[in-house]
There are 2 protein chains.
Amino acid sequence: MGRLGEFELLVLLSILRQRAAPYANRVRDDLEANADRRVTRGALYRTIDRLCEKGLLEWELEPSETPDRGGHPMRRLLVTAEGLEAVERTRDVLQRFMRGLDPVLGPALEEGLDA
Amino acid sequence: MGRLGEFELLVLLSILRQRAAPYANRVRDDLEANADRRVTRGALYRTIDRLCEKGLLEWELEPSETPDRGGHPMRRLLVTAEGLEAVERTRDVLQRFMRGLDPVLGPALEEGLDA
DNA sequence: GCGTCGGAGTCTACATTGTATTCCACGAAC
DNA sequence: GTTCGTGGAATACAATGTAGACTCCGACGC
């Protein structure tokens, strides 16, 4: 199976964190605020497209509830079962490799972040 | 600062795990055994080169101790302070985003792996 | 000695992923 | 009706990841 790139993983994780409001721009804000990185719209939409093509992500138009501001209906992003699995696999590998490295890396952070 | 790609991170982490024997092929074996992925020599050396160019990694020729088998002296890989910092930053971000996702992702693995 | 095997490392070309830029549409505010 | 903010699309390009064939050299067997 195709691996997840670093950014792809972050995007998927951020979508999962949004729970109630999984929209592209929420993800963007989340990433900019919490991932110490700039995120251009192009980068994000491109990545979303690719994740969709790979079947790891889907979207549906927001049920007209909040056409809020702006013309476009918002897309609600949904991580598929396959996407979830990919995230899990990646996380497990990463954690396996980070395990036992606290002495050399310094301990993991303990702060509580919003969900 | 340049971000770490997925593979770059894994390589750096694996080098750190090798402690006593940080050689390219050890890293390769480690990755193939524990990261559920094929690693060709090309991919690995290419990545090592790039990490060196970015100043995240250095190497020195093995002090002739073990010219073992084969002609080439082995390169001992050393993660620089800057490299360590990059790994830490990446880890912190990742952990921040994974935090609180256990309910949706399933709990992290608990197995004890070699170091 | 000579061939060839296997380990260690290199090179080149290519595929995938990541990023910046620029553009369009629509509604609201003015 | 012009401008601004929000949501999205398309394009082109840069960085990262992968494959495969190639070199070099010591060990082994003959």
Side-chain angles (χ1 to χ4, degrees), chain A residues 1-12 14-15 18 21-29 31-32 35-54 56-57 59-77 86 90 93, chain B residues 1-12 14 18 21-29 31-32 35-57 59-77 86 90 93:
Chain A
M1 262 303 305
R3 324 248 144 244
L4 288 178
E6 186 242 352
F7 190 49
E8 292 179 322
L9 175 60
L10 242 29
V11 168
L12 249 20
S14 180
I15 292 172
Q18 304 304 320
Y23 308 113
N25 282 339
R26 301 284 150 283
V27 168
R28 186 173 177 232
D29 296 342
L31 256 22
E32 295 221 323
D36 183 35
R37 127 194 332 255
R38 267 201 75 211
V39 178
T40 55
R41 258 116 39 86
L44 182 56
Y45 284 114
R46 202 89 185 50
T47 299
I48 287 175
D49 288 351
R50 267 196 302 253
L51 289 172
C52 285
E53 280 162 19
K54 292 198 278 188
L56 306 180
L57 187 61
W59 53 272
E60 57 187 22
L61 289 181
E62 186 57 24
S64 76
E65 289 254 38
T66 14
D68 267 323
R69 8 183 83 254
H72 281 265
M74 290 200 292
R75 298 193 301 184
R76 166 175 286 264
L77 303 170
T90 304
V93 168
Chain B
M1 261 300 305
R3 324 246 146 245
L4 287 178
E6 186 242 353
F7 190 48
E8 291 179 323
L9 175 61
L10 242 29
V11 167
L12 249 20
S14 180
Q18 304 305 321
Y23 307 114
N25 281 342
R26 295 325 189 71
V27 168
R28 184 173 180 232
D29 294 343
L31 257 21
E32 295 221 322
D36 184 30
R37 136 205 311 267
R38 269 200 74 211
V39 178
T40 55
R41 258 116 38 87
L44 183 55
Y45 284 114
R46 209 84 188 50
T47 299
I48 287 174
D49 288 349
R50 266 196 300 250
L51 289 171
C52 286
E53 279 161 20
K54 291 198 279 188
L56 307 179
L57 189 60
W59 52 272
E60 57 187 23
L61 288 181
E62 185 57 23
S64 76
E65 290 252 37
T66 13
D68 268 323
R69 8 183 81 254
H72 280 264
M74 289 199 293
R75 297 194 301 185
R76 165 175 289 262
L77 303 170
T90 304
V93 168

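In what follows, chains carry the letters A, B, and so on, assigned in the order in which the sequence lines appear, proteins first and then strands, with residues in each chain numbered from 1.
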Q: Ignoring hydrogens and geometry beyond distance, is the side chain of Arg28(A) in donor-acceptor contact with the base of dG7(D) at under 3.5 Å?
A: no

Q: What's the separation between atom OG in Ser14(A) and atom CZ in Arg28(A), rounded to the nearest 0.5 Å?
A: 12.5 Å

Q: Please give, in whole Å, the distance from dG7(D) P to Leu61(A) CG?
A: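 My rounded result for the distance is 14 Å.
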
Q: Measure CG/Leu44(A) against P/dG7(D) and give the value in whole Å, please.
A: 12 Å

Q: Among the nucleotides dT10(C), dT21(C), dT16(D), which one has an atom lying closest to any side-chain atom of Arg50(B)?
A: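 Nearest nucleotide to the side chain: dT16(D).
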
Q: What's the CD-C1' distance between Glu6(A) and dG18(C), to the nearest Å?
A: 9 Å

Q: How long is the straight-line distance from CG of Leu10(A) back to CD1 of Ile15(A), given to the nearest 0.5 Å?
A: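 Taking CD1 in Ile15(A) and CG in Leu10(A), the distance rounds to 11.0 Å.
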
Q: With respect to the side chain of Ala24(B), which nucleotide from dA20(C), dG9(C), dG18(C) is positioned closest?
A: dG9(C)

Q: Side chain of Arg37(A), heavy atoms from C-beta onward: which of dT19(C), dA8(C), dT16(D) has the nearest atom to it?
A: dT19(C)

Q: Find out whether Val11(A) and Leu77(A) are in side-chain contact, i.e. whether some heavy atom of one side chain is under 4.5 Å from a heavy atom of the other.
A: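 Of all side-chain heavy-atom pairs linking Leu77(A) with Val11(A), none is under 4.5 Å.
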
Q: Can you tell me if the side-chain N/O atoms of Asn25(A) get under 4.0 Å from OP1 or OP2 in dG7(D)?
A: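 For Asn25(A), the contact criterion (side-chain N or O under 4.0 Å from OP1 or OP2 of dG7(D)) is met.
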
Q: Enter the inter-axis angle for the ends of the helix from dG1(C)-dC30(D) to dC30(C)-dG1(D) (five pairs per end, rounded to 10°).
A: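 Nearest ten degrees gives 0° for this helix.
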
Q: Determine the minimum heavy-atom distance between Ala24(B) and Ile48(B), stating which atoms define it.
A: CB-CD1, 4.1 Å

Q: Under 4.0 Å between a side-chain N/O of Arg38(A) and OP1 or OP2 of dT21(C), yes or no?
A: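 No, because none of the side-chain N or O atoms of Arg38(A) sits under 4.0 Å from OP1 or OP2 of dT21(C).
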
Q: Hey, can you pull the donor-acceptor pairs under 3.5 Å for the side chains in residues 36-47 of chain B, sequence neighbours left out?
A:
unit_1, atom_1, unit_2, atom_2, d
Arg37(B), NH2, Glu6(B), OE1, 2.8
Arg37(B), NH2, Glu6(B), OE2, 2.8
Thr40(B), OG1, Ala43(B), N, 3.4
Thr47(B), OG1, Ala43(B), O, 2.9

Q: What residues, two or more places apart in sequence or in another chain, satisfy salt bridge (Lys or Arg N to Asp or Glu O under 4.0 Å) together with Asp29(B)?
A: none

Q: In whole angstrom, what separates Met74(A)'s CE from dG5(D)'s C1'?
A: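 Atom CE in Met74(A) sits about 14 Å away from atom C1' in dG5(D).
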
Q: Could you check which of dT16(D), dT19(C), dT17(C) has an atom nearest any side-chain atom of Lys54(A)?
A: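 So the side chain of Lys54(A) is nearest to dT17(C).
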
Q: Indicate the atoms forming the closest heavy-atom contact of Arg26(B) with Ala21(B), along with that distance.
A: CG-O, 3.4 Å

Q: Looking at side-chain heavy atoms only, is the closest gap between Arg75(B) and Leu61(B) below 4.5 Å?
A: yes

Q: Side chains of Arg76(A) and Tyr23(A): does their closest heavy-atom pair fall under 4.5 Å?
A: yes

Q: In whole angstrom, what separates Phe7(A)'s CZ from dG17(D)'s C1'?
A: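 Phe7(A) atom CZ is separated from dG17(D) atom C1' by 18 Å.
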
Q: Is there any salt bridge (charged side-chain N to carboxylate O under 4.0 Å, His left out) pair reaching into residues 47-56 of chain B, and which pairs are they, with sequence neighbours excluded?
A: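 Every pair satisfying salt bridge (charged side-chain N to carboxylate O under 4.0 Å, His left out) with a residue in residues 47-56 of chain B: Glu8(B)-Lys54(B).
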
Q: Rounded to whole Å, please give me the gap between CH2 in Trp59(A) and C1' in dG7(D).
A: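 Whole-Å distance recorded here is 12 Å.
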
Q: Check the distance between dG18(C)'s C1' and Leu31(A)'s CG and give it to me in whole angstrom.
A: 13 Å

Q: Could you go over nucleotides 11-15 of chain C and give all protein N or O partners under 3.5 Å, atom names and distances?
A:
unit_1, atom_1, unit_2, atom_2, d
dA13(C), N6, Arg46(B), NE, 3.4

Q: Tell me the interatomic distance from Leu9(B), atom CG, to dA15(D), atom C1', rounded to whole angstroms.
A: 16 Å

